Amino acid sequence: MPSGNLDEPVTESSPQATPPRSFRFPAAYYTAPVSEVRPIFPKWVPVGCGTASAVILVLLFAGGALMTGSRLAQLMDFVLGSSLGDVRSMYAPDVSPAQKQRFDAEVKHLRDELRKNNVSVQNLQPFLKAMQSAISDKRVTSEEVEKMTRAAHDAAAAKPQTVK
């Protein structure tokens, strides 16, 4: 520490040498000349990933275009058909044979209307939610069967909306 005398030379302790780093700070990387900067990835990586992304996007758009209208209805019909076997295996003992019969008849009518394109996929949403709620606990009670039967009836009765 310097004394109050102005004639005395000021001596500061020399700064300690910093140990070499095994990494480069981002600021040093971006301010370095291009000749010193070694790329992190090979040149083909951005081109390959960009091409893969573009191909995936094209496939998604093409799949979306193919799955409109009657093809989506066919897919939903297939999903309903394959889900019914699971629902039937989860009936609780309190579900009566009459309830099972009504449910099967309503779902059959819904699937027939779906195949004829008389039911929009949007109208299926309440039925699918009711079915999902019913099978979530791996047990379908009589109340849940009644809910699904009403939802199937309402979905089949609703006419598809047309855009004007």
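Keep in mind it's a predicted model, so treat the numbers as computed, not measured.
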**OP:** Give the minimum heavy-atom separation between Ala130 and Ala151, together with the two atoms involved.
**Re:** CB-CB, 4.3 Å
**OP:** Could you state whether Val107 and Leu75 fall into the same hydrophobic cluster, counting links through intermediate Ile, Leu, Val, Met, Phe, Trp or Tyr residues with side-chain heavy atoms under 4.5 angstrom apart?
**Re:** yes
Subject >> N/O donor-acceptor pair under 3.5 Å between Glu144 side chain and Thr141 backbone >> reply: yes
Original post:
Do Phe61 and Leu59 belong to the same hydrophobic cluster, where Ile, Leu, Val, Met, Phe, Trp and Tyr are linked whenever their side-chain heavy atoms lie under 4.5 Å apart, directly or via other members?
Top reply: no
**OP:** Kindly determine whether Lys116 and Asp112 satisfy salt bridge (Lys or Arg N to Asp or Glu O under 4.0 Å), including the steps that lead there.
**Re:** CA-CA 6 Å; Lys116 295 177 192 172; Asp112 289 341; over 6 Å; no
Original post:
When rounded to the nearest 0.5 angstrom, what distance separates OG in Ser136 from CE in Met90?
Top reply: 9.5 Å
**OP:** Give a yes or no answer on whether the side chain of Gln99 reaches the backbone of Ser96 with a donor-acceptor pair at less than 3.5 Å.
**Re:** yes
**OP:** Using atom types as modelled and distance alone, determine if a side-chain donor or acceptor of Ser53 lies under 3.5 Å from a backbone N or O of Cys49.
**Re:** yes
Subject >> Rounded distance (nearest 0.5 Å) linking atom CD of Glu113 with atom CG of Leu124 >> reply: 11.5 Å
Subject >> Pairwise side-chain contact, Phe103 with Leu84, heavy-atom cut-off 4.5 Å (strictly under) >> reply: yes
Subject >> Pairs satisfying salt bridge (charged side-chain N to carboxylate O under 4.0 Å, His left out), at least one member in residues 70-99, at least two apart >> reply: Asp77-Arg111, Asp77-Arg115, Arg88-Asp104
Original post:
Under a 4.5 Å cut-off applied to non-hydrogen side-chain atoms, are Lys100 and Val145 in contact?
Top reply: no
Subject >> Exercise: identify the closest heavy-atom pair between Ser83 and Val79 >> reply: OG-O, 2.8 Å
**OP:** First locate atom CD of Gln125, then atom CD of Gln132, and finally report the distance between them rounded to the nearest 0.5 Å.
**Re:** 9.0 Å
Original post:
Does Arg150 come within less than 4.0 Å of Glu106, counting only side-chain N to carboxylate O?
Top reply: no
Original post:
Is any side-chain heavy atom of Leu80 closer than 4.5 Å to a side-chain heavy atom of Leu128?
Top reply: yes
**OP:** Side-chain contact test, heavy atoms from C-beta onward, threshold under 4.5 Å: evaluate it for Met148 versus Val140 and give yes or no.
**Re:** yes
**OP:** Starting at CG of Leu110, measure out to CG of Asn118 and round the result to the nearest 0.5 Å.
**Re:** 11.0 Å
Original post:
Closest heavy-atom contact between Asn117 and Ala73?
Top reply: OD1-CB, 3.8 Å
